[in-house]
Amino acid sequence: MGLGASKSSLSEEVMAKVLKVFQKIDVDGSKSIDKAETLKFWKNNFAKLNTEALFSSVDADNNGLITQDEWIAFWEEVKNSGHTEEEISDELDNLMAGQTWVYFDNVKSEKELKASSPKSKKSNPGSRTNV
């Protein structure tokens, strides 16, 4: 199933930014991001802290790689948790500029979503925290 075959909750414009940021970090073009790539991406801007925060949020299977599918699923969950496309777009712009990773409140990783009950409540969807 190709990327175009699935329906995303993100607009085409935001999805393009999601993919652009992923490609900027994925310097070897392997369609996955490893910690060495993120350390290079953030250089001296709290690289280790940003890397750990990113992988904690996005690496759904906890294998030390963030696939393009995991990356897209994370941003779709950000939107589905109540954040606006404008907020997402702003954070993607910040990432493109090499700024710090942001924790989005109420955004669960794919592994947390699988483990949580369908009755879980979400609160304060607009809140986010810088690393």
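The shown structure was predicted, so the numbers you read here are calculated from the model rather than taken from an experiment.
Side-chain atoms of Glu76 and Ser9 include no donor-acceptor pair closer than 3.5 Å. At a cut-off of 3.5 Å, with distance as the only test, a side-chain donor of Ser30 or Asp28 sits close to an acceptor on the other residue.
For the residue pair Phe22 and Ile66, the shortest heavy atom distance occurs at CE1-O, 3.6 Å. When all heavy atoms of Glu70 and Leu65 are compared, the closest pair comes out as OE1-O, 3.0 Å. Of all heavy-atom pairs spanning Ser57 and Trp101, the tightest one is OG-NE1, 3.5 Å. Heavy atoms only, all atoms of each residue included: Ile33 and Thr38 are closest at CG2-CG2, 3.4 Å. Counting all heavy atoms, side chain and backbone alike, Phe74 lies closest to Val58 at CG-CG2, 3.7 Å. The two residues Leu54 and Trp71 have their closest heavy-atom pair at CD1-CZ3, 3.6 Å.
Atom NZ of Lys31 sits in a sparse spot, with 12 or fewer heavy atoms from other residues, nucleotides or ligands closer than 6.0 Å.
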Please assess Ile72 against Leu19 for the test side-chain contact (heavy atoms from CB on, under 4.5 Å), listing each intermediate value before the final yes or no.
-> CA-CA 8 Å; Ile72 292 168; Leu19 294 173; 3.8 Å; yes
Please assess Lys17 against Ser89 for the test side-chain contact (heavy atoms from CB on, under 4.5 Å), listing each intermediate value before the final yes or no.
-> CA-CA 7 Å; Lys17 279 189 180 186; Ser89 183; 2.5 Å; yes
I would like to know whether Leu95 and Glu91 meet side-chain contact (heavy atoms from CB on, under 4.5 Å); could you show each step before the answer?
-> CA-CA 6 Å; Leu95 282 173; Glu91 293 307 330; 5.7 Å; no
Verdict with reasoning, Val27 to Ile25, per side-chain contact (heavy atoms from CB on, under 4.5 Å) = CA-CA 6 Å; Val27 294; Ile25 300 170; over 6 Å; no
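Atom-to-atom distance recorded for Leu49:CG and Thr100:OG1 is 8.5 Å, nearest 0.5 angstrom. In this structure, the separation between CG on Leu92 and CD on Glu85 is 10.0 Å, given to the nearest 0.5 Å. To the nearest 0.5 Å, atoms CG (Asp61) and CG (Asp59) are separated by 5.5 Å.
A distance-only check finds no donor-acceptor pair linking the side chain of Ser56 to the backbone of Glu52 [under 3.5 Å].
Relative to the ring axis of Phe41, Lys24 does not place its NZ or CZ within 45° and under 6.0 Å from the centre.
In the hydrophobic clustering of ILVMFWY residues, with side-chain heavy atoms under 4.5 Å counting as a link, Leu39 and Val21 come out apart.
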